[in-house]
Amino acid sequence: MARVRRRPRKKNMRIPRLILAIVVILLFLGSLLTILGRFMTATNDNLEEAYKKAADLAGCTWEELVVYDMVRFGNKLDDVDPYQSAVDFLNMYYQIGEYTQVDGEGFWKMVSSGTLGASEDICGWLHLSANSDIQSILEAASEYTRPQYLVRFYPKELDDLMLEKKFNEEQIRWADRLMNAGTLEQLFEHVNDLPYYIQSEVGGYFAWPTPELHTVTSKFSAARKHLILGITRAHNGVDISGADAMGSPVVAIDDGVVLSVNLNGGERGVNIRVQHNMGEDVWVSRYQHLASVEVEVGQVVAKGTVIGTVGNSGISTGPHLHLELTYNGVLVDPLPMIK
Ligand SMILES: [Zn+2]
């Protein structure tokens with residue numbers, strides 16, 4: 001490898017102004033390692049860690065990376081390789097300069113530049129262009145006559161990636177909701193199990209509980225200042241409202257059995273709980289602040305069955321549905337799981 005060894009730079013050598021940054025073999029090795037990340041395999045045991053590491057390498061946020069996969073694969077992350085997904089977030093910018101001589105005067109001239117987005121284009125460029133040019137670097141008469149490279153990787157925005165991958169409107173809306181839920185970390189603790197416990201026919205999600213209302217007015221959170229009680233405390237569910245919310249139908253988010261109907265639920269107001277058994281796992285959805293109830297305890301309901309109507313009962317600042325969801329007794333954020 002003596003030919004590629006760096007020699008001390010001569011003081012009288014002209015440094016070309018045209019090419020601001022010069023990156024040669026070391027950078028290519030770095031780039032190739034990044035690309036080769038796609039061949040690394042994540043273990044499901046530590047999927048969350050793998051997502052964070054892969055996102056870190058690609059320069060995107062891990063939330064973007066997880067949402068990208070959840071929407072693409074319908075929540076089924078058990079066979080997904082985060083490193084492979086992270087490659088989709090990479091943009092590559094390159095400049096190539098060549099040493100040119102005119103009238104005995106040598107200088108650097110930029111001969112090509114461009115931006116590559118699709119991972120197959122990046123791999124192709126590295127394989128064809130970089131491979132052959134590394135050869136010419138090795139064969140160059142001196143380090144000063146080698147082709148010069150500037151290569152930079154920078155991440156795409158999730159929005160741009162979704163356009164590039166032609167996500168449909170529903171997928172984009174779904175991704176927005178996931179990004180805005182702000183509780184992906186918590187969801188992630190259960191994500192390995194999702195294929196087993198959400199078994200609905202259409203895409204593996206629970207149904208949206210209010211077919212006519214789509215505005216999320218308050219998200220699930222660990223602590224929030226309660227508007228009426230004036231104290232900071234957890235918001236255990238998601239609030240959904242919209243125009244003409246009062247009396248709007250509320251549906252069961254999945255097949256289940258009505259566990260309780262409480263017409264005098266204190267601050268919860270009129271509320272219904274529905275139990276959804278999935279194998280060994282028990283999900284319970286709870287619908288609060290209702291105006292009316294259409295079911296009774298023990299009744300079997302199907303996904304999408306109207307069980308009541310939106311109201312303002314209990315402690316509530318206006319007509320809305322407060323939906324809570326528990327998984328084996330643990331409160332979880334319903335928002336990423338309803339569709
Ligand atoms: Zn609420």
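Note that the coordinates shown come from a computational prediction; the quantities given were computed from them, not determined experimentally. Whatever order the structure lists them in is the order used to number ligands and atoms, beginning at 1. Counting from 1, the numbers follow the sequence of the chain as shown.
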- Angle subtended at the Zn ion (ligand 1) by OD2 of Asp239 and ND1 of His322, to 10 degrees? 150°
- Message: The criterion is side chain to side chain donor-acceptor pair (under 3.5 Å); which residues satisfy it with His289, sequence neighbours excluded?
- Response: none
- Check side-chain contact (heavy atoms from CB on, under 4.5 Å) between Glu212 and all other residues, then give those that pass, not counting sequence neighbours. Ser248, Pro249
- Query: Backbone or side chain, does His320 get an N/O/S atom under 2.8 Å to the Zn ion (ligand 1)?
  - Reply: no
- Is the side chain of Thr305 donor-acceptor paired with the backbone N or O of Ala302 at a distance under 3.5 Å, no angle test? yes
- Message: I want to know whether Tyr68 and Phe89 have ring centres closer than 6.0 Å.
- Response: yes
- Item | N/O/S atom of His235 inside 2.8 Å of the Zn ion (ligand 1), strictly under | yes
